There are 2 protein chains.
Amino acid sequence: MIDLTNPGSLEAERVRSAAVARALGDPKRLCVLESLGTGEASVGELASRVSCQVPNMSQHLLVLRSAGLVTARRDGNTVYYRLSDPRILEACHLLSSIAR
Amino acid sequence: MIDLTNPGSLEAERVRSAAVARALGDPKRLCVLESLGTGEASVGELASRVSCQVPNMSQHLLVLRSAGLVTARRDGNTVYYRLSDPRILEACHLLSSIAR
DNA sequence: ATGCTACTTGCGTTCTTGCGCAACTTGTGA
DNA sequence: TCACAAGTTGCGCAAGAACGCAAGTAGCAT
């Protein structure tokens with residue numbers, strides 16, 4: 001049996017890494033992340049850039065947030081999302097260079 | 001409508017990148033890739049390192065191969081897999097550093 | 001040819017994802 | 001308070017993914 005309760009174990013680390021990879025594993029989410037490379041954006045803006053509906057975008061952002069890739073900030077009634085770490089852009093570029 | 005027939009389009013590139021990310025999006029497959037970092041290995045070896053059944057490992061290797069992350073070489077009746085690109089290890093490390 | 005070892009494939013089940021649509025929440029301003 | 005705009009959440013469905021197990025294929029040795 002594998003121990004996932006110890007966060008420092010190799011296995012637990014791979015589970016987290018895999019979760020991050022799965023969060024990156026959708027073209028729309030990659031588009032969102034690249035788009036956030038230039039700065040924060042609201043849900044509506046992102047939805048129109050990716051050309052999907054707002055609830056759908058909200059779901060994708062939830063996935064990204066759960067993986068720790070983006071953070072949210074509320075201003076009035078609009079919510080702005082931004083990258084939580086510049087290395088995420090690096091990961092996007094590395095992925096596309098591998099996928100070439 | 002989005003054109004996926006042009007392999008150079010941004011969208012098609014993201015689709016391929018996302019496919020790579022999904023292939024990375026499983027703890028066992030990450031384990032396989034890290035394990036292949038030290039050199040090629042047979043299906044049976046990989047199955048025992050990851051502690052899963054051979055057919056299951058064969059499936060995971062198919063996923064990795066379809067994403068272009070590993071290549072196979074047959075010698076006698078054993079098949080050896082290896083990383084197709086050293087940057088894949090980089091990607092694994094980047095993922096775990098982001099997931100930390 | 002027979003048997004053996006090493007993989008791959010097929011099949012059925014269960015779990016997860018992505019999406020659209022409707023309903024709900026929260027904040028703003030008249 | 002009422003209406004509106006911006007997001008989030010719930011629900012149902014269709015497609016995809018992971019796994020175990022059984023069956024099939026490929027190469028080698030006797």
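The sequence lines fix the lettering, A, B, ..., with proteins before strands; numbering per chain opens at 1. Atom set for the values below is all heavy atoms of this structure, side chains included, hydrogens, waters and symmetry mates excluded. None of these values were measured; they are calculated from a predicted model.
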Taking 4.0 Å as the cut-off, does a side-chain nitrogen or oxygen of Tyr81(B) come that near to OP1 or OP2 on dT8(C)? yes
Heavy atoms only, 4.0 Å cut-off, all strands: where does Val54(A) land among base, sugar-phosphate and nothing? base
Have a look at Tyr81(A) and tell me which of Arg65(A), Glu40(A), Arg73(A) forms a side chain to side chain contact (heavy atoms under 4.5 Å, CB included) with it. Arg65(A)
Selection from dA18(D), dG18(C), dC19(C) that lies nearest to any side-chain heavy atom of Arg29(B): dA18(D)
Starting from C1' on dA17(D), measure out to CG on Asp26(A) and report it in whole angstrom. 15 Å
If I take atom CE in residue Met57(B) and atom P in nucleotide dG20(D), what distance separates them, rounded to the nearest angstrom? 11 Å
Quick check: do Arg22(B) and Leu24(A) have side-chain heavy atoms less than 4.5 Å from each other? no
dA6(C) P sits how many Å from Leu61(B) CG, rounded? 16 Å
Between the main-chain N or O of Cys31(B) and the side-chain N or O of Glu34(B), is there a donor-acceptor pair closer than 3.5 Å? no
Taking 4.0 Å as the cut-off, does a side-chain nitrogen or oxygen of Asn56(A) come that near to OP1 or OP2 on dC19(C)? yes
Asn77(A) has a side chain; which of dG18(C), dA6(D), dA22(C) sits nearest to it? dA6(D)
With a 4.0 Å limit, can you tell me whether His60(A) has a side-chain N or O closer than that to the phosphate oxygens OP1/OP2 of dC19(C)? yes
Between Leu62(B) (CG) and dG16(D) (P), how many Å, whole number? 15 Å
Starting from C1' on dT28(C), measure out to CG on Asp75(A) and report it in whole angstrom. 12 Å
Return the CG to CD1 distance between Leu69(B) and Ile98(A), rounded to the nearest 0.5 Å. 7.0 Å
Kindly point out which of dT8(D), dA18(D), dG10(C) is positioned nearest to the side chain of Gln59(B)? dG10(C)
Expressed as a whole number of angstroms, how long is the span from Leu24(A):CG to dT17(C):P? 14 Å
Please state whether the phosphate of dC19(D), meaning OP1 or OP2, lies under 4.0 angstrom from any side-chain nitrogen or oxygen of Gln53(B). no
Just by distance, no angles: are the side chains of Ser97(A) and Arg87(B) close enough, under 3.5 Å, to form a donor-acceptor pair? yes
How many whole angstroms separate atom CZ of Arg74(A) from atom C1' of dG7(D)? 7 Å
Considering just the side-chain nitrogens and oxygens of Tyr80(B), establish if one lies under 4.0 Å of OP1 or OP2 belonging to dC7(C). no
Protein-nucleotide distance (Arg73(A), atom CZ; dT26(C), atom C1'), rounded to Å: 17 Å
Assigning hydrophobic clusters by single linkage (Ile, Leu, Val, Met, Phe, Trp, Tyr; side-chain heavy-atom cutoff under 4.5 Å), is Val50(B) placed with Leu36(B)? yes
Of the nucleotides dT8(D), dA22(D), dA18(D), which one has an atom closest to the side chain of Pro55(B)? dA22(D)
Nearest to the side chain of Val79(A), heavy atoms from C-beta on, is which of dG20(C), dC21(D), dG7(D)? dG7(D)
Just compare dT8(D), dG27(C), dT9(C) and give me whichever is closest to any side-chain atom of Ser58(B). dT9(C)
Does a side-chain N or O from Ser42(A) land closer than 4.0 Å to OP1 or OP2 of dG7(D), or not? yes
